[in-house]
Amino acid sequence: MSTLKFVLASPLAVVMIAALPQPASAAPWARGYVVSTYGFAFHYGAKPSAAPTDPGTDCPKGSAQHFSDEVHMRKALEQQPWRSKLEIENILRPPEIDKARLPTYVRFYIWGRAVSYRGWKKGIETYINPFAAPDPGQPQVTGKISDGFNLDGNVQTGGFVNRDGERGIDNALYRAWGCDAPFRGPATATLDLRQNVQMQEGLYTVVIRVSGNKDPMNDDNATVEIGYSPDKIVKDAQGNVASDYSYRIVKSEQYTKLKAKIKNGVVETEQVGQLHVPRTGWFPRQMGDANFRQGRFSLKIAADGKASGFVGGYRDWRDLYIENTFAQTGAEQGIRDYEDAVAMYYALQRNADGLPDPKTGQKFGISMAYRISAVPARVIDPVKPAQVRRPEEDNRRQKAFENLRVTVLKALSTKIVQPVPPGTGEGQFPAMERTIADLPSKDFFLKTLDAPFRMEEVDVHGNPLEKPAPERQVNNNPPAAIVATSKP
Amino acid sequence: MATLSACLMLSAGAAAQTAPKPEPVSASATASPETDPTVPHAKPGVYSESKQSATRFRVTVKGQTFTARDAMEKYLLYRAAMLALEQRSPWFTLVEGRSPGDTAPLPQADPSGYHYSFRMAYWRPVWRYKLAGSAAWSTWSPFSGAAFFADGKDPKTVSRYEVSADIVMQKGRMDDRNPLAFEPRAVSEFLVNQVNPPE
């Protein structure tokens, strides 16, 4: 509410009023939107109310069930030949767990520590070094229907048909991750739901502005702008994203201006080498630029003024791996959401279909799209250029995430196993040590399970303690130079 | 069957069919040479490959000092993956060297519908070896149903051995439900820190 009042009281009101929907005519026009839902363009092939394990035309065996119970957990642990049977049994059912104050958390963190170390030998943290673990396998989409774009202009590639019947749709990310439990199904996709809730609660805002000089529903020389707004989404009394509020647009980053054509209310942009837009996420440290390569955007404007569409292109699959896996820790998300980031790493690499390395031919791009729904809004250029919000309180976590990003990229590019960067929480350290403190069998786990650090080496945030400076001998003799000058 | 027979006949005609290959220096072409993990060069004659048809290759590793079955088989798989990368094949399949009477179950796709870049359990090359003081070759097939060196012989007395497998280079999208399919880049990256050429 306050945002609207501010704008109406400002000189920008004139600009805003000009931006209101105008009747069809050959005059300058602009329409703005705020994105109300935003997420991977994954086509769900089962009934909306189905359970995650229910099959669909997308995933005939249902969603992934990694780590969901003892059967799946045992399957994961038995892949490491260096684990003893006793170790596996104790991980699955920690002895005397009922005597711990928080048995659910005890199991959660012991399982998390265990699945963080699945390398070909002990001591390799395999979310940071996924190539060092054998492929755990991932259910993949086998259906033929997908949303998205024909990015390469070839109807023979991609393997998907969209709901309008267009062939050659390139959405390899959907094939790789579309059966991943937290991204599948409108009712059960925990991470898809989470990222939308977080966006609507103010984590980030995406705005779109379409403008032209002819008819807003038919204009062959229109312009599309898409980008970030520092203004939090406004919701109505029913919790829906409210229409017609004003939002500033940031033009310095996460922003792209594209040429477009509009036909009967369908906006289609040109394809551009780089398309910058905010990426999806549910934690501040994940947020940033999606940077689609060979990017495109489309939007259908409905009779009620709302809009829906897609933005897509090729993204570097290593970025996708890092952004998803380390939103919290690989194990945290894995155990909680039945997701195995190591399996998803292999699925990304296997399904990569773009951005080939000129020397090796290895493809580092994967085709994908975000699905968008949007409501009308006023998208404005403020007098003082707007900036992306970066709250001070997020700095420590952002720094930890950047450390992880650099470390993982180094591991992936060199295939040299990298250690866990301190202070990141990865490997469930020190969370496991703290949580099992009152578990009678804790010594077994502290001795048996790998750990990135020892508790006595770190502070409360898991950062290494500074070693005290060594004590020095004091030399009471006068310096040699003084002795020399004091001679007669 | 025919494949196993062909593998077992390999050494007799090996000189005519095969050419020793130099060891690839690195598994990761994207990193600087100073930082890459490296697999040491194999001595001449340790590794060989022969083309059986337009797409089919036989890869063989020979040695005199037996250390562990797993180590030899992983090295052979690493070399198979490097060959596939050389051939610019996005994936390859193992041709199982089965014989009549073999009892090992046929590999199946994961019943839960999972897809894989490789499945180590299904990399099953065939073996032949000589024991110290014996001129005769013995054979062992992973498909026979017999355990490795289950005949009571001591593998430490092996004086020569050969491990071999036939692979077929594939094009197009990987059939990632095929349990005998291997994605060479994923395989090589998984193994590069693990393998060494045998002596």
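Below, chains carry the letters A, B, ... as their sequence lines are ordered, and counting in each starts from 1. Here the structure is a predicted model, which means the values were calculated and not measured.
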A.B. asks: Quick one: what part of Gln79(A) sits under 4.5 Å from any heavy atom of chain B, side chain, backbone, both or neither?
C.D. replies: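 For Gln79(A), neither part sits under 4.5 Å from chain B.
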
A.B. asks: Can you say whether Ala133(A) sits under 4.5 Å from chain B via the side chain, the backbone, both, or neither, judging by heavy atoms?
C.D. replies: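 For Ala133(A), the backbone is the part near chain B, not the side chain.
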
A.B. asks: Indicate the atoms forming the closest heavy-atom contact of Gly158(A) with Arg173(B), along with that distance.
C.D. replies: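 In terms of heavy atoms, the two residues are closest at O-NH2, 3.7 Å.
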
A.B. asks: For the OG1 atom of Thr360(A) and the CG atom of Leu85(B), what is their distance to the nearest 0.5 Å?
C.D. replies: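 These two atoms lie 9.0 Å from each other.
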
A.B. asks: Answer with side chain, backbone, both or neither: which region of Arg88(B) has an atom nearer than 4.5 Å to a non-hydrogen atom of chain A?
C.D. replies: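 Contact with chain A is through the side chain of Arg88(B) alone.
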
A.B. asks: Tell me whether Lys61(A) contacts the main-chain N or O of Pro111(B) through its side chain, where contact means a donor paired with an acceptor under 3.5 Å.
C.D. replies: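 Here the side-chain-to-backbone pair exists.
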
A.B. asks: State, to 0.1 Å, how close His115(B) and Arg350(A) come at their nearest heavy-atom pair, and which atoms those are.
C.D. replies: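 In terms of heavy atoms, the two residues are closest at O-NH2, 3.5 Å.
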
A.B. asks: For chain A, find which of Ala186(B), Ala121(B), Ser117(B), Gly113(B) contributes the most heavy-atom pairs closer than 4.5 angstrom.
C.D. replies: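 Winner by heavy-atom pair count: Ser117(B).
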
A.B. asks: Identify the two heavy atoms, one from Pro134(A) and one from Phe190(B), that lie closest to each other, and give their separation to 0.1 Å.
C.D. replies: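 Minimum heavy-atom separation between Pro134(A) and Phe190(B): N-CE1, 3.4 Å.
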
A.B. asks: In this structure, are over 12 heavy atoms from other groups packed under 6.0 Å from Lys171(B) atom NZ?
C.D. replies: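 Result for NZ/Lys171(B): enclosed.
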
A.B. asks: Enter the distance from Lys75(A):NZ to Ser112(B):OG here, rounded to the nearest 0.5 Å.
C.D. replies: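 Output value for this atom pair is 4.0 Å.
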
A.B. asks: Tell me, for Pro130(A) versus chain B, whether the close heavy atoms (under 4.5 Å) come from the side chain, the backbone, both or neither.
C.D. replies: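 Pro130(A) has no heavy atom closer than 4.5 Å to chain B.
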
A.B. asks: How long is the straight-line distance from CD of Gln362(A) back to CZ of Arg185(B), given to the nearest 0.5 Å?
C.D. replies: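 Answer rounded to 0.5 Å: 4.0 Å.
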
A.B. asks: Would one find more than 12 heavy atoms of other residues, nucleotides or ligands at under 6.0 Å from atom NZ of Lys122(A)?
C.D. replies: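 Count over threshold, so yes.
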
A.B. asks: Looking at OH of Tyr114(B) and CD of Gln65(A), how far apart are the two atoms once the value is rounded to the nearest 0.5 Å?
C.D. replies: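 With rounding to 0.5 Å, OH (Tyr114(B)) is 6.5 Å from CD (Gln65(A)).
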
A.B. asks: Got a second to check how far Met120(B)'s CE is from Trp120(A)'s CH2, nearest 0.5 Å?
C.D. replies: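 Going from CE on Met120(B) over to CH2 on Trp120(A), the span is 12.0 Å.
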
A.B. asks: Got more than 12 heavy atoms from elsewhere within 6.0 Å of CD, Glu199(B)?
C.D. replies: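 Check fails, neighbour count at 12 or below.
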
A.B. asks: Against chain A, label Gln194(B) side chain, backbone, both or neither, depending on which of its atoms sit under 4.5 Å from a heavy atom there.
C.D. replies: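 Both parts, heavy atoms under 4.5 Å.
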
A.B. asks: What part of Arg177(B) gets closer than 4.5 Å to chain A, counting heavy atoms only: side chain, backbone, both or neither?
C.D. replies: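 Contact with chain A involves no heavy atom of Arg177(B) at all.
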
A.B. asks: Is any side-chain heavy atom of Asn193(B) closer than 4.5 Å to one of Phe131(A)?
C.D. replies: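 In contact.
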
A.B. asks: Need one label for Gln140(A): side chain, backbone, both or neither, based on atoms under 4.5 Å from any heavy atom in chain B.
C.D. replies: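 Backbone plus side chain of Gln140(A), per the 4.5 Å heavy-atom cut-off to chain B.
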
A.B. asks: Using non-hydrogen atoms and a 4.5 Å limit, figure out which bit of Asp110(B) sits close to chain A: side chain, backbone, both or neither.
C.D. replies: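 Just its side chain gets close to chain A.
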
A.B. asks: Around atom NZ of Lys363(A), are there more than 12 heavy atoms of other residues, nucleotides or ligands at under 6.0 Å?
C.D. replies: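 Not more than 12 within 6.0 Å, no.
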
